[in-house]
Amino acid sequence: MRRRSIVGNWKMNGGLATLAELDGIAAAAGAAPDVDVAVAVPATLIAPAHARIPTLAIGAEDVHEADHGAHTGCLSAAMVKEAGASFTIVGHSERRGDQHETSHDAFMKAAAAHRHGLGVILCVGELQAERDAGRAERVVQAQIEKSLPDDAHADWLTLAYEPRWAIGTGRTPTLDDIATMHAIARAKLRQMVGDTALAMRILYGGSVTADNAARIMAVDNVDGALVGGASLTAAKFAPIIAAAHRGA
Ligand code: PEP
């Protein structure tokens, strides 16, 4: 059975004062020992977050594909690792949208992160218009095909299915649609990397809250959640961690 994983994504939110939220998040993680809990934070908070709670997995929200060079304002995988990150998100829909990143960019970033020993959460997901046009499945299959490194392995890569129209909107797909998309993602992963795909976790992301987390995680092939808004406070995030806990 795959261990569940609950990952927070603070996006461009928080400061030193907000790190106190991590105390409650770590306590919730301690009460759910069968769940892998992690939080991706703004780059400025990686080092202080890691120093505050060394036992909690702290991640970056993005890395550059290059190891170093003339890339003003960017951070390499080695840099965020040195700061204390153990993983990074790549291909998040806000980077695909705001920074026009492609699946090939996500592929290069995932490879760079792996080169430097970071875990990777690779995000895929369709736009509303693509879903409306009946293309959601093909879009996600193509994103996986173009962004999954050839040597992807369950030990270091987690896929996150995040329909872009569900992120930060309070809207979620039906449970049937989530089941369909996760089954398609699993099949695509299996076609590309073989049986390690069976051990690879596929998270759902998009307006997950304490109210819907348990129902979503009960869906086949949903191995946890990538959570934005509801990860910013321990009060909202802890119940999601608790919902992932299968029991003693
Ligand atoms: C996300 O940031 O990946 C996300 C899913 O955000 P939210 O939970 O706020 O929809």
Side-chain angles (χ1 to χ4, degrees), residues 4-14 18 21-22 25 28 35-43 45-46 49 57-63 85 87-99 101 103 105-106 109-110 113 119-128 130-131 136 139-140 143-144 147 157-175 177-178 181-182 185 201-217 219 221-244:
R4 282 184 170 155
S5 164
I6 301 292
V7 183
N9 174 17
W10 280 12
K11 314 191 188 197
M12 200 171 74
N13 294 297
T18 322
E21 296 296 336
L22 294 179
I25 291 171
V35 181
D36 292 328
V37 176
V39 185
V41 297
L45 296 182
I46 293 172
I58 299 297
E61 299 173 6
D62 184 51
V63 291
F87 73 96
T88 185
I89 297 172
V90 301
H92 191 277
S93 76
E94 284 149 15
R95 302 234 24 121
R96 290 176 188 262
D98 301 351
Q99 270 76 35
E101 289 186 3
S103 289
D105 295 327
K109 288 169 181 234
V120 171
I121 298 179
L122 169 62
C123 301
V124 295
E126 81 283 358
L127 299 167
Q128 179 72 68
E130 292 165 338
R131 174 155 289 273
V139 165
V140 166
Q143 287 175 337
I144 296 173
S147 54
L157 189 132
T158 295
L159 190 77
Y161 167 62
E162 299 204 301
R164 285 160 77 173
W165 52 272
I167 294 184
T169 60
R171 295 163 56 219
T172 56
T174 66
L175 297 179
D177 284 341
I178 293 174
M181 296 306 291
H182 279 241
R201 289 180 290 197
I202 307 177
L203 311 184
Y204 167 78
S207 298
V208 172
T209 63
D211 291 337
N212 61 22
R215 280 195 302 281
I216 290 173
M217 283 187 276
V219 172
N221 285 304
V222 176
D223 303 308
L226 180 54
V227 184
S231 70
L232 291 172
T233 62
K236 288 187 177 165
F237 200 37
I240 298 174
I241 295 167

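Counting convention: from 1, in listed order, for ligands and their atoms alike.
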### Task
Please state whether Ala230 comes within less than 4.0 angstrom of ligand 1, counting heavy atoms only.
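In this structure, Ala230 fails to qualify as a contact of ligand 1 - no heavy atom is under 4.0 Å.
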
Polar atom proximity, [X] to ligand 1 (N or O, under 3.5 Å):
X	answer
Glu94	no
His92	yes
Gly206	no
Ile167	no
Gly229	yes

Name the closest protein heavy atom to [atom], giving the residue it belongs to and the distance to 0.1 Å.
atom	value
atom 5 (C) of ligand 1	Glu162 OE2, 3.0 Å
atom 2 (O) of ligand 1	Lys11 CE, 2.6 Å
atom 4 (C) of ligand 1	Gly228 N, 3.5 Å

### Positive for side chain to side chain contact (heavy atoms under 4.5 Å, CB included) with Arg201, one of Ile121, Leu159, Thr158
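That would be Thr158; it is the only one of Ile121, Leu159, Thr158 passing the side chain to side chain contact (heavy atoms under 4.5 Å, CB included) with Arg201.
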
Non-hydrogen side-chain atoms of [X] and [Y] separated by less than 4.5 Å:
X	Y	result
Asn9	Val227	no
Glu101	Glu94	no
Cys123	Val90	no

### Query
Are Asp36 and Arg4 ion-paired here, with the side-chain N under 4.0 Å from a carboxylate O?
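Here Asp36 does not pair with Arg4 in a salt bridge, since their nearest N and O are not under 4.0 Å apart.
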
#### Entry: Basic-acidic side-chain contact under 4.0 Å: Arg131, Glu126
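Salt bridge between Arg131 and Glu126, a charged N being under 4.0 Å from a carboxylate O: yes.
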
### Aromatic plane relationship, Tyr204 with His182 - under 30° parallel, 30 to 60° tilted, over 60° perpendicular
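Because their plane-to-plane angle lies in the 30° to 60° range, the rings of His182 and Tyr204 count as tilted.
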
### Query
Which atom pair, heavy atoms only, marks the closest approach of Leu22 to Ile58?
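Here Leu22 and Ile58 meet closest at CD1-CD1, 4.3 Å.
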
### Task
Report the part of Ser93 in contact with ligand 1, treating N, CA, C, O as backbone and CB onward as side chain, heavy atoms under 4.0 Å; options are side chain, backbone, both, neither.
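For Ser93, there is no contact with ligand 1 at all, from either part.
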
### Query
Using a heavy-atom cut-off of under 4.0 Å, does the side chain or the backbone of Asn9 touch ligand 1, or both, or neither?
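Asn9 to ligand 1: side-chain contact only, backbone stays beyond 4.0 Å.
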
### Message
I'd like to know whether Leu226 forms a side-chain contact (heavy atoms from CB on, under 4.5 Å) with Glu162, so could you lay out the CA-CA distance, the side-chain angles of the two residues, the decisive distance to 0.1 Å, and finally the verdict.
### Response
CA-CA 8 Å; Leu226 180 54; Glu162 299 204 301; 3.3 Å; yes

Give the numbers and elements of all ligand 1 atoms closer than 4.0 Å to a heavy atom of [X].
X	answer
Ser207	7 (P), 8 (O), 10 (O)
Ala166	10 (O)
Gly168	7 (P), 9 (O), 10 (O)

